[in-house]
Amino acid sequence: MNILVLNCGSSSLKYRLISMPAETELAGGEAQRIGPPTAKPSRIVHHVCGQAPQVHIAPMANHASAFEQVVRILQQTVGRTPDAIGHRIVHDGGLFGAHSRLDDKTIAQLETINDMAPIHNPPAVNLTKACRKLYPTLPQVAVFDTVFHATIPEAARTYAIPGWMSRDLGIRKYGFHGISHQYVATEAARLLKRRMNTLNAVSCHLGSGGASLCAIVNGKSVDNTMGYSPLQGLVMSTRCGDLDPAIALRLMALSEGDYKSVEQLLNERSGVLGLSGQSADIRDALAAVSRGDAHSARPELAAQIYLWRLRKYLGAYLATVGNADAVIFTDTVGETVPAVRWAMCANMEDFGLAIDPALNDHAGRLPTDISAPGSRVRILVIATNEELSIARSAYSLLTSESKPEKKGVAV
Amino acid sequence: MEFINIYQTTTNNILQYLARQVLSTEIEQCETNGKELNMYNLLKSKNDGLKDDLIAFTQKLIRTPSPSLGESEAATLVEQELKRIPCDKVFRDDVGNVIGLMLGREAEPTVLLNCHMDTVPVSHETLWKESPTSGSISEGRIYGLGAADCKGGLAAHVYTAALLKRSLLPLRGNLVIAATVAEENGCSIGVRHLMEKTLPAINLKPTYAILGEPTGLGLYYGHDGWVEMDINVEGNNPFLVDDAANAIFNEYSSRNTDEPGTLSLQRPRFRNDAGRRQATIQMNRRLRPAENVGSILTQTKHEANMVAQANGTVAVAVAVRQENQKLYTGQTTLVRRVVQAWMTDPFHVLMERARQALSAADCMARPGKWALDRIGMGTAGSVLTGEFHVPTIGYGPGSELMAHAVDESVSVEKVSEAVYGTAAMVHGLIGIPVFGWTADEI
Amino acid sequence: MNILVLKPGVRSIDWSLTGDGTRHTRAGQMDAAHIDRNLQALRGALADAPPETIAVRVNHGGTKFRGPAIADASSLAALTELVPEAPLHLPVVLSLLESGSRVFQNVPTILFFETAFFSRLPRRESAYGIDSDLAQSLGLRRQGYHGIYHEAASAHAIRQLGIPPRRARVLSICLEPHPEIAAVLGNRPVTCTSGATPLEGLPGHTSCGELDPNIVLTLARKLGWGPEQINTALTQRSGLLGLAGCPVMLDDLFAAEAADLAPARAVLENRILSACGAGMAAMGGVDTLVFSGRFHTAAKALGPWLSTRLTFRGGNERHPPRWIGFEEPLDRVIAERAQIVLLESATA
């Protein structure tokens, strides 16, 4: 079965055509600058596996027309049309609780929760509608970031707010980056030769933009540093992470009740960018510090706060998990910045965790284990592959549907 | 002595016991709304403590007659009360407005609390059950001329300053309490002077204004206006002039029955001057928010001419009435008798923040507009919004129906609630936010 | 020496008088509205044992007060400048000090700040992930609000440990209506659960504790609420009250028979465990847990559980963290510290 995985950005569309269950990637690419014409034309950077990427220029007013172009290019280059589509959708709003087949009813349900992820959900949901119109019979699956966190127990997902707020407004911890956390946890179980449902781990998805830690017990998420929205938790590139609610209130009062400007401030102009005053990329701050730049005081502070918050959460989740088998690092920063892994794992022997400095500095080919020989907890660096994770989830859903009597075997 | 519970026992026991006592009361209080230890309940309890003084002051204000242009005595009373609070600064300006200032830690924003001190002349005094200056209280209401319009509101503004002072809550911005002269008779002479001269001289520009005019504690955001016109008819032939004037009068009288509440007019007055016959019809006309005075005058002149020309050649002129007024300070001012319609956007940040603060304080926040059913009424909002572009709302204890009415009265409870509600709004606008810090017990 | 300890709140002021060498104490509460009159009455009531020193507990001293301070013109001026940071509490403190200097003339008054212990919190812990200029201009930084307890309890715990204080790693868990956990590394705090205000951190009796900041904005958007309404909901109708739907106190929550409170208890335990794990990571381990505050008795349930949960195979299993209780009430702690301050100033 060839599954086309679609991952919508606000003005981009990433795609992969993956043959399942072989997990062979046939082709992939990214449609860029979707939307009204800009100075640079919208284009698709496409590659067929084993070949050099090609650039296709085509006007793409919206994600639907980008999707049409992608299908056309796939037909031309690979000569295949997809057998199913797997959509990455950030938020299930607590309505689904599982990755789900998309039909008119589920799409309509999805539209009701657009306001819970106002930046991420609407383009993806619109795309599902367009796909359904173009290929009404093609099976489509929504794979949600929040679904892996549906297992977070009530004690961890409940905020200590009046009960009616949680019930009526759906205010609770949802957690994000679930597709990635699930993927790297599955890979970690494979590496450690354990069954996924016995794996205890802390997974650190450290992206160049968003970042979150996930506590995993018996292969299930039991906590995530992100909360009701992706704003909570770690210091991120432009998001503040944890903040005294009274500060948000104070900022709101000072802007005379204009919550939108506060939302923007905390989401887009805080985090590493707000702290360093220079760059939203933590790698820039770390580089400035190690170069000893003349104006490195603010980047240094940004780095300190970023790393300190990470280390604290690693400790928090190691305590939550109990005796973890592994700490997993993934995504851009997690995979490529040894200084971050070091700051988190050094001097953590009391947790049963010891990092090998040399292995850490030269992680090389992923996946790899960078823990010191005596460390009971393995420290793994694993490249994430959200598209494959989506394809797996979609495939598993579609095949279990067609053969309800046969249960899927884990890993 | 206001001590409670003096115990003598061993430290551990009693402190644990005390802790328990303090806590259990706190927790119990959390169940029942209004007893939680937050800023609003602090304000509420302090306000209760001020109530007797507030009501006595309201009565004293009512007992002190303050006809337009004769506000001197009432001004003294307000000045003394503001000094007693004490405000950071209290003074009178050239036209006799009384100004009290509470200065915040920053230069901005500034909230103006404005009420006029003057009252309209007593109408139908014989119909009043008691003297219009009795200030007596019966069945929870204070009676007397100006009780609703707007000495109740004025007292509430003065005590808003007292309440904020008493609560020890620090302010970020500045509070100006301005009791102004010559509103009822003078088309906001007092407020205009306040905004043109008095406040600029001390480098204050109000960011927002709250009027204490009667709103029944609703949040009002505007009203229609009115213009007083003189329709002058002049000619050589006395009979034709009289006919024309009467025809104009009859025309507008009949319109007034078609559209009640839009016009009011008086019978023509006639006189002879240097061989010419002159007639004047005084007409007041309601101004809707989109209407402007100039076009109303032109339109009226056209209409009056049409009616008059049918009766022969006479000259018709229409002008806004003007008069010289002598203030209690002795100053003389020329007054154009126009009140512009005004409206603050009901979704303006001032309305929103006022509504939110009132809701947080557990007060009703009911938006509305003054109906101004009788012609000739208005508020300083016209001048504040139209001429000085200060977003303005109204929040006062009196009822609009009571303004200028026989047996005018205001509810004692409402006056006290107005103090609390106004303080909550002022704190929302210029207070230093009290977030996160709430409970007595940290 | 007779030491009068005053703990001003918003509407009332707790007082207690600690006498010489005995544990006999008189205590009570007075209305904060008429401080002059009430203090005079107090002076009368204490005529047989006139206070020789007054110790005032102050909730907030920001970065200006890094230790106890004598109440004088300069400390009052500094305190006045801090009013915007604790606008509900500091004005009462200021008027108390003003009245106190009139009523108890020539009685030295020492200020003890709950925040002083945290004034040396490392910046990586005290700073938020927001624009540093904005944070600076609004004075937004993390600190704790039970510093007097944490300082005394952790010192006590270190003495019990018998290891060099510099190396001691203590998790100090203060069980008050607003509970607070601090990691103390050799007498110095390195983490604290509270924030720029006492609202952040662990859920309290009625306060929400840590929250996705987006929730505040969501309440504004969905309910049309202003910051004041949201504040009331989050500070007074949340926490254990919000979770359990009825008022709950910490010691009841951790009492064995409280089955109906299990969900609320599970939430709090989850947060406490996370905070302890974070503190442990901050210190690179933990030697002892110490419980203080008026609900320190809950340590009987929390101590063994936490100690087990903070023991890791292949890690600290050979030296699992101990736990102890610190039972001294706050007045006593303050009175003792006042004695020390007086002794120190006398020798200096």
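Convention: sequence-line order gives letters A, B, ...; per-chain numbering from 1.
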In terms of heavy-atom pairs under 4.5 Å with chain C, which of Val235(A), Ile247(A), Asp242(A) leads?
Ile247(A)

Do you know which two heavy atoms are closest between Ala233(C) and Met165(A), and how far apart they sit?
CB-CE, 3.7 Å

Test side chain to side chain contact (heavy atoms under 4.5 Å, CB included) on Arg221(C) and Lys260(A) and set out the steps.
CA-CA 9 Å; Arg221(C) 184 174 64 234; Lys260(A) 283 184 195 133; over 6 Å; no

Would Gln304(A) and Arg123(C) satisfy side chain to side chain contact (heavy atoms under 4.5 Å, CB included), going step by step from the backbone distance to the final call?
CA-CA 9 Å; Gln304(A) 283 241 333; Arg123(C) 191 142 179 230; over 6 Å; no

Under a 4.5 Å heavy-atom cut-off, does chain C meet the side chain of Asp115(A), its backbone, both or neither?
both

Thr320(A) to Leu273(C) - nearest heavy-atom pair and separation
CA-CD2, 4.1 Å

Closest heavy-atom pair, Tyr128(C) versus Leu275(A), reported as atoms and distance to 0.1 Å, is O-CD2, 3.4 Å

Per-residue contact mode, Leu134(C) against chain A (heavy atom under 4.5 angstrom):
side chain

Leading residue by heavy atom contact count with chain A [cutoff under 4.5 Å; candidates Ala266(C), Gly285(C), Ala282(C)]:
Ala282(C)

Part of Leu254(A) within contact of chain C (heavy atom distance under 4.5 Å):
side chain

Options Ala346(A), Ala354(A), Ser270(A), Ala302(A), ranked by heavy-atom pairs under 4.5 Å with chain C, top entry:
Ser270(A)

Could you give the distance from CG (Leu273(A)) to CG (Asp131(C)), rounded to the nearest 0.5 Å?
8.5 Å

Which heavy atom of Pro245(A) sits nearest to which heavy atom of Leu234(C), and what is that distance?
CB-CD1, 4.3 Å

Using a cut-off of under 4.5 Å on heavy-atom pairs, state which of Ser238(C), Gly209(C), Ser207(C) scores highest against chain A.
Ser238(C)

Check the pair Asp350(A), Phe312(C) against side chain to side chain contact (heavy atoms under 4.5 Å, CB included), reporting the backbone distance first and the verdict last.
CA-CA 7 Å; Asp350(A) 275 16; Phe312(C) 295 87; over 6 Å; no

Highest number of heavy-atom pairs under 4.5 Å with chain C: which of Gly274(A), Gly241(A), Ala160(A)?
Ala160(A)

Max heavy-atom pair count under 4.5 Å with chain A, selected residue of Gly226(C), Gly204(C), Gly242(C), Cys276(C)
Gly242(C)

Contacting moiety of Arg318(C), where chain A heavy atoms sit under 4.5 Å
neither

So, taking the atom named OG1 in Thr197(C) and the one named CG in Asp244(A), what distance separates them when rounded to the nearest 0.5 Å?
3.5 Å

Taking heavy atoms only and a threshold strictly under 4.5 Å, list by residue number the residues of residues 210-218 of chain C that touch chain A; give 'none' if the list is empty.
Glu210(C), Leu211(C), Asp212(C), Pro213(C), Asn214(C), Ile215(C), Val216(C), Leu217(C), Thr218(C)

Minimal non-hydrogen separation, Ile130(C) against Leu266(A), with atom names
CG2-CD2, 4.1 Å

Begin with the C-alpha distance, continue with both residues' side-chain angles, and end with the deciding distance and a verdict on salt bridge (charged side-chain N to carboxylate O under 4.0 Å, His left out) for Asp133(C) and Arg298(A).
CA-CA 10 Å; Asp133(C) 293 336; Arg298(A) 277 185 72 169; 3.3 Å; yes

Interchain contact, Leu307(A) with chain C, by part (heavy-atom threshold 4.5 Å)
neither

Between Leu234(A) and chain C, with a heavy-atom cut-off of 4.5 Å, which part of the residue counts as in contact: side chain, backbone, both or neither?
neither

I need the Leu249(A) CG to Glu228(C) CD distance, nearest 0.5 Å.
9.0 Å

Among Tyr306(A), Tyr313(A), Trp164(A), which residue has the highest count of heavy-atom pairs closer than 4.5 Å to chain C?
Trp164(A)

Per-residue tally against chain A (heavy atom, under 4.5 Å) across Ser194(C), Ala196(C), Gly195(C), Pro203(C) peaks at Ala196(C)

Between Ala156(A), Gly374(A), Ser166(A), Gly271(A), who has the most heavy-atom pairs with chain C when the cutoff is under 4.5 Å?
Ala156(A)

With only heavy atoms counted, which part of Leu169(A) is less than 4.5 Å from chain C, the side chain, the backbone, both or neither?
both

Between Leu301(A) and chain C, which part of the residue has a heavy atom less than 4.5 Å away: side chain, backbone, both or neither?
side chain

With a 4.5 angstrom heavy-atom cut-off, could you sort out which part of Leu219(C) is near chain A: side chain, backbone, both or neither?
side chain

So which part of Glu349(A) gets closer than 4.5 Å to some heavy atom of chain C, the side chain, the backbone, both or neither?
backbone

Please look at Asn316(C) and chain A and tell me whether the side chain, the backbone, both or neither of the residue comes under 4.5 angstrom of a heavy atom of that chain.
both

Kindly give the heavy-atom pair with the smallest separation between Trp308(A) and Glu125(C), and that separation in Å.
NE1-OE1, 2.6 Å

Who among Met280(C), Arg309(C), His319(C) has the most heavy-atom pairs with chain A under 4.5 Å?
Met280(C)

With only heavy atoms counted, which part of Ile171(A) is less than 4.5 Å from chain C, the side chain, the backbone, both or neither?
side chain

Side chain to side chain contact (heavy atoms under 4.5 Å, CB included), that's the test. Do Ile230(C) and Met252(A) meet it? Break it down for me.
CA-CA 11 Å; Ile230(C) 299 172; Met252(A) 237 173 93; 4.1 Å; yes

Heavy-atom neighbours of Glu317(C) CD exceed 12 at 6.0 Å
yes

